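Okay, so here's the structure we're looking at.
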Amino acid sequence: MSSSNAIIAKDLTKKYADGVLAVDHASFTVKRGEIFGLLGLNGAGKSTTIKMLSTLVPPTSGSASILGFDVLKDGIEIRKRIGVVQQLESYDRNLTVRSSLSLYANLWDIRRGDILKEIESLTQKFGLRDVLDRKIRWLSYGQRRRLQVAREFLHKSDLLILDEPTVGMDVLARHSFLDYCRETVKEQNKTIFYTTHIISEAEYLCDTVAVIHHGRIIALDSPNDLKKKYTNVHVVSIILRNRADISRLSGDIDKIPLVQKKEEITDSPGVRIVTQDPFAFMTEFAKIVESESFEVESLTISEPSLEDVIVQLIGNEEQQSLDEKEKRLRSVSVDMRSS
Ligand SMILES: Nc1ncnc2c1ncn2[C@@H]1O[C@H](COP(=O)(O)OP(=O)(O)OP(=O)(O)O)[C@@H](O)[C@H]1O
Ligand SMILES: [Mg+2]
């Protein structure tokens, strides 16, 4: 297959039998050799998109081509060529890690002579060496997740579709998994389509991210370009001298209407806020400092993280749909009055 695209989705839509519109005209292209992240809140439509791309549920309308094959017509061809990790766990709990991986290697027609070497190397990469001969039922949740993900890296598929692969992995396992993904993509020219709730992880890993909200793709770009597009958001970090003043400061900041997001800084006595107007915020903040006599150690303005941008994007979408609802309600009440 010569196309430079691994996935082309056009107006992909899924309406479940009970009327839930889970995915609504989603269009995106994933280039070969790229790591593509689909981000969104619970219930946004990520897993449904993954199920359509991996041919587990058919789209209601629209189309998707996977490695040049059509999801509606070529299910078998697609399933032969892709590795999929679903959100739900799936394995024979009575097998050991070693036998489960060997079984998979055989299913995927890996050369007998290579199986042992592959299992050695993968279990090393995924931190499963110590539990190779343990039954899956006795593994911890994070170990089972690592096994489920490792299994899909065993076969030499060109495209991996992973639904929240890092859920349950501890911080070290997550970091080594992310680095492994990067390495594998580069060395084997694989393509990875994946979902996560950890936006900093997507910022580190992905070449492109799509934000899905109520089934609709509301943003699609590289993490850097997405941040550049929304440079109207800024982060102000305020560090105080005295940790005891933090909760008072936090309460005062809540009264400033310009603040879109606020969080306490963990490693120093401070607060980090996101605002569209940092200078107007500073004017308000100066008044607080004066009246409350806080001792400010430092105050810095910086660019937002991808997470800040996405929170802002989703907030804007929610506000827009609230405004539209209100407009509709107003026009209904005007109609009723005039009739
Ligand atoms: N089989 C189904 N029948 C009816 N509705 C469903 C079905 N599967 C999912 N949904 C609904 O479709 C919407 C999208 O669900 P989906 O599982 O795709 O979300 P998600 O983005 O993966 O969420 P999460 O982050 O919680 O995994 C939700 O409102 C969900 O309740
Ligand atoms: Mg999901």
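For clarity, every value in this text was computed on a predicted model and none was experimentally measured. Hydrogens, waters and symmetry mates are skipped; everything else that's a heavy atom, side chains included, is used. Every number for a ligand or one of its atoms is a count from 1 in the order of the listing. The first residue of the sequence shown is numbered 1, and numbering continues consecutively from there.
- Coordination check, Asn42 versus the Mg ion (ligand 2): failed, since every N/O/S atom of the residue sits at 2.8 Å or beyond.
- Of the N and O atoms on the side chains of Arg151 and Ser100, not one donor lies less than 3.5 Å from an acceptor on the other residue.
- The option with the heavy atom closest to atom 4 (C) of ligand 1, from among Leu38, Asp18, Val20, is Asp18.
- Protein heavy atoms are absent from the space less than 4.0 angstrom from atom 30 (C) of ligand 1.
- Close N/O approach between Ala22 and ligand 1 is not found [any backbone or side-chain N/O within under 3.5 Å].
- Considering Ile119, Leu107, Leu154 as possible partners of Ser102, the one that fulfils the side-chain contact (heavy atoms from CB on, under 4.5 Å) test is Ile119.
- A donor atom on one side chain and an acceptor atom on the other are not found under 3.5 Å apart for Asn316 and Gln320.
- Every atom of ligand 1 with a heavy atom of Ser47 under 4.0 Å away is listed here by number and element: 17 (O), 18 (O), 20 (P), 22 (O), 27 (O).
- Inspection of the Glu118 and His155 side chains reveals no N or O donor paired with an N or O acceptor under 3.5 Å.
- With a cut-off of 2.8 Å, the Mg ion (ligand 2) has an N, O or S atom of Ser47 in range.
- Listed by number with element, the atoms of ligand 1 under 4.0 angstrom from any heavy atom of His197 are 25 (O).
- Considering only non-hydrogen protein atoms, atom 9 (C) of ligand 1 sits nearest to Tyr16 CE1, 3.4 Å.
- Contact annotation: the side chain of Asp24 never approaches that of His214 to less than 4.5 Å [non-hydrogen atoms, C-beta and beyond].
- Of all the atoms in ligand 1, the ones that sit under 4.0 Å from a non-hydrogen atom of Glu164 are 25 (O), 27 (O).
- Nearest heavy-atom pair, Glu303 versus Val235, reported as atom, atom and distance to 0.1 Å: O-CG2, 3.8 Å.
- Below 4.0 Å from some heavy atom of Gln87 lie the following atoms of ligand 1, by number and element: 27 (O).
- The contact set between ligand 1 and Leu41, taken as ligand atoms under 4.0 Å from a residue heavy atom, comprises 21 (O), 25 (O).
- By the criterion of side-chain heavy atoms lying less than 4.5 angstrom apart, applied directly or through intervening Ile, Leu, Val, Met, Phe, Trp or Tyr residues, Phe281 is not grouped with Val311; the two fall into different hydrophobic clusters.
- Counting heavy atoms from C-beta on, the side chains of Val71 and Ile66 come closer than 4.5 Å.
- From the protein, the heavy atom lying nearest to atom 28 (C) of ligand 1 is Gly43 O, 3.8 Å.
- Short contacts between ligand 1 and Gly45, defined as distances under 4.0 Å to a heavy atom of the residue, involve ligand atoms 14 (C), 18 (O), 19 (O), 20 (P), 21 (O).
- For ligand 1, the polar-atom distance check finds no N/O of Lys51 at less than 3.5 Å from any of the ligand's N/O atoms.
- In terms of protein heavy atoms, atom 16 (P) of ligand 1 is closest to Thr48 OG1, 3.6 Å.
- Look at Asp109 and Lys156 and you find no salt bridge, because none of the NZ, NE, NH1 or NH2 atoms lies under 4.0 Å from a carboxylate O.
- A donor and an acceptor atom, one from each side chain of Asp308 and Ser305, are located under 3.5 Å apart.
- Checking atom 25 (O) of ligand 1 against the protein gives a heavy-atom contact under 4.0 Å.
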